[in-house]
Amino acid sequence: MKSPALQYRFDGPEDAPVLVLGPSLGTTWHMWDRQVPELMKHWRIFRFDLPGHGGAPAYPAGSVTDLAGRLLATLDGLGVQRFGYAGCALGGAVGTELALRHPERVASLALIAASPRFGTADEFRQRGVIVRTNGLDPIARTSPERWFTTGFAAAQPAITEWAVQMVRTTDPGCYIAACEALASFDVRPELGRVGVPTLVLVGSDDQVTGPAEARTLVAGIPDARLAVVPGASHLVPVEQPAAVTDLLVRHFTSAWQQPAFDTTTGHMAIAASPVKPVLAAAPPVAPVAEIAAAEQPEALGRPDPYDAGIKVRREVLGDAHVDRAFAQADEFSGDFQEFITRYAWGEIWDRPGLDRRSRSCVTLTALVAGGHLEELAFHTRAALRNGLTPAEIKEVLLHAGVYCGVPAANSAFKVAQQVIREETTPQE
């Protein structure tokens, strides 16, 4: 199936090399408005909107790989083969994905407010639960405190209100899918394969993806330099536009030479040159240790389902729950944890015959019938993460009341009600 094209716009001379600007979750291409006038003096600027953002068609993309593929399909349709790329947060993840999977397309890279892994999967899936239950208003109202320093938000009420409205008008389904994309994004072990000159730019006061995450990127990417912008938080291109513009011009001017147009192919041939330090070189950072999972033996000609099981178990129940279960395991119970990971999660939950919403419905009903209220609690959380709404969970429990008995359903409602209150109450 052909990937749907992204909503986009061009600015700048048609014969200039292309520089792509990627937006952050919840924003539109207008977050780059104050960079474009200067950047378009040097490059043809291509901006795009994420699905369902800024009035773009609402075709949800549940992975960074999907977003990168849609961007390439859009650029292919326009005849753009090679380009520079600057992206903020989720837009930065797309840029990293492009540099890893399609290095022949990316001439130079700038990662702004980015990270090789954005928080924890639980955090973003929890945000999806809140949006599914309450809509985007709670997220919109709190976005300025995540995006801007307190002083900037107080001094710029018009920009603050613009930020709130930008999130509020995003398609909820596309926002939830983008949260899922960030939840599953983790390229920490692969950073050494990013082979293009890279600027890592971060606001000094960014509490979302701050200087620590930026230094992890710089430590892992072979040809990377760090720029820390003082007095800026997460949406640094909006809060400190002049500083960001200057850094981008300096980076992309030094990182790639002006191309010669090849009339035989119709493509721009852009050669990358060594990047010069911008503001400051990264300080020495201790390597991030990665512990590889032990290889599991294959049985009966099939891969061992343990690896798939641990992945599905974490996606459904959350990292915190799974980590707690393994931390509590000992010599007596460890084999049982391995058993359920391999067979319940790797064999059954990973089967393609039912989607996870349906499996959650079945599981809730079975737990009501068996009176397993402790497991009902964490599987209610799992059901919310798998996309069931509180109203749908209520219908499952009502249905179970008919076939499993009213006393069992009565106890189940008490447990589920408490869990739903905890999980769907927005954090102010």
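What you see is a predicted model; the values in this text were computed from it and never measured. What you see below is based on every heavy atom in this structure, not just the backbone, and it leaves out hydrogens, waters and symmetry mates.
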Minimum heavy-atom separation for [X] and [Y], please, with both atom names.
X: Trp147; Y: Gly26; answer: CH2-O, 3.8 Å
X: Ala56; Y: Leu50; answer: CB-O, 3.6 Å
X: Ala93; Y: Val64; answer: O-CG1, 3.6 Å
X: Gly92; Y: Ala114; answer: CA-CB, 4.4 Å
X: Gly231; Y: Ser204; answer: N-OG, 3.1 Å
X: Cys88; Y: Ala113; answer: SG-CB, 4.1 Å

query: Passes side-chain hydrogen bond (donor to acceptor under 3.5 Å, both in side chains), Glu239 versus Thr149? Steps please.
result: CA-CA 8 Å; Glu239 191 161 5; Thr149 58; 2.4 Å; yes

Would a distance-only check, ignoring hydrogens and angles, find a side-chain to backbone donor-acceptor pair under 3.5 Å from [X] to [Y]?
X: Arg132; Y: Thr424; result: no
X: Gln35; Y: Pro241; result: yes
X: Asp122; Y: Ala320; result: yes
X: Asp206; Y: Val202; result: no
X: Arg356; Y: Asn386; result: no
X: Gln7; Y: Pro51; result: no
X: Asp205; Y: Ser233; result: no
X: Tyr175; Y: Val167; result: no
X: Thr74; Y: Leu6; result: yes
X: Glu392; Y: Thr389; result: yes

So that I can tick it off, tell me whether [Y] and [X] are bridged by a salt bridge, with the cut-off set at under 4.0 angstrom between side-chain N and carboxylate O.
X: Asp319; Y: Arg117; result: yes
X: Arg101; Y: Glu190; result: yes
X: Asp355; Y: Arg359; result: no
X: Arg385; Y: Glu315; result: no
X: Lys311; Y: Asp350; result: no
X: Arg127; Y: Glu123; result: no

Separation between [atom1] of [X] and [atom2] of [Y], rounded to the nearest 0.5 Å:
X: Trp32; Y: Arg47; atom1: CH2; atom2: CZ; answer: 10.0 Å
X: His53; Y: Thr28; atom1: NE2; atom2: OG1; answer: 9.0 Å
X: Leu248; Y: Leu201; atom1: CG; atom2: CG; answer: 6.5 Å
X: Leu199; Y: Leu226; atom1: CG; atom2: CG; answer: 8.0 Å
X: Gln240; Y: Phe152; atom1: CD; atom2: CZ; answer: 8.0 Å
X: Phe252; Y: Tyr85; atom1: CZ; atom2: OH; answer: 10.0 Å

Quick one: are [X] and [Y] in side-chain contact, heavy atoms under 4.5 Å?
X: Asp223; Y: Val196; result: no
X: Arg381; Y: Leu317; result: no
X: Trp29; Y: Val36; result: no
X: Arg125; Y: Cys179; result: no
X: Leu71; Y: Phe83; result: no
X: Ile45; Y: Leu21; result: yes
X: Ser24; Y: His234; result: yes
X: Arg168; Y: Asp137; result: yes

task: Using the side chain to side chain contact (heavy atoms under 4.5 Å, CB included) rule, take Leu217 and Leu111 through it: C-alpha gap first, then chi angles, then the decisive distance, then the call.
output: CA-CA 9 Å; Leu217 284 168; Leu111 303 177; 4.3 Å; yes

Would you say [Y] and [X] are linked by a side-chain donor-acceptor pair, where the criterion is simply a distance under 3.5 Å?
X: Asp330; Y: Ser333; answer: yes
X: Arg146; Y: Thr142; answer: yes
X: Ser108; Y: His251; answer: yes

task: Apply salt bridge (charged side-chain N to carboxylate O under 4.0 Å, His left out) to the pair Arg9 and Asp49, showing each step before the final yes or no.
output: CA-CA 9 Å; Arg9 65 173 291 170; Asp49 277 328; over 6 Å; no

Any residue meeting side chain to side chain contact (heavy atoms under 4.5 Å, CB included) with Tyr59, in chain and number order, not counting sequence neighbours: Pro4, Pro57, Arg70

task: For Val249, check side chain to side chain contact (heavy atoms under 4.5 Å, CB included) against everything at least two apart and list the hits.
output: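 Listed in chain order: Glu38, Leu39, His42, Trp43, Thr245, Thr253.
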
message: Do Arg44 and Phe10 form a cation-pi contact, if we require the NZ or CZ to be under 6.0 Å from the six-membered ring centre and within 45 degrees of the ring's axis?
response: yes

query: Within 45° of the six-membered ring axis of Phe326 and under 6.0 Å from that ring's centre, is NZ or CZ of Arg313 located there?
result: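 The answer is yes; both the distance and angle limits are met.
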
task: Check step by step if side chain to side chain contact (heavy atoms under 4.5 Å, CB included) holds for Ile348 and Tyr343.
output: CA-CA 6 Å; Ile348 300 303; Tyr343 295 106; over 6 Å; no

query: Should the heavy atoms of other residues, nucleotides or ligands under 6.0 Å from CD of Glu374 be counted, would the total exceed 12?
result: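 No, CD of Glu374 has 12 or fewer neighbouring heavy atoms, counting only those of other groups under 6.0 Å.
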
- prompt: Are Asn134 and Ile139 close enough, and set up right, to give a side chain to side chain contact (heavy atoms under 4.5 Å, CB included), and what steps lead you there?
  reply: CA-CA 9 Å; Asn134 301 284; Ile139 303 295; over 6 Å; no

query: Given the rule in the side chain to side chain contact (heavy atoms under 4.5 Å, CB included) test, do Leu100 and Leu191 qualify, once you have shown the distances and angles that lead to the verdict?
result: CA-CA 8 Å; Leu100 285 169; Leu191 290 178; 5.8 Å; no

query: Would the Phe46 and Tyr8 ring centres measure less than 6.0 Å apart?
result: yes

- request: Name the orientation class of the two ring planes belonging to Phe118 and Phe124 (parallel below 30°, tilted from 30 to 60°, perpendicular beyond 60°).
  value: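 Phe118 and Phe124: perpendicular rings.
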
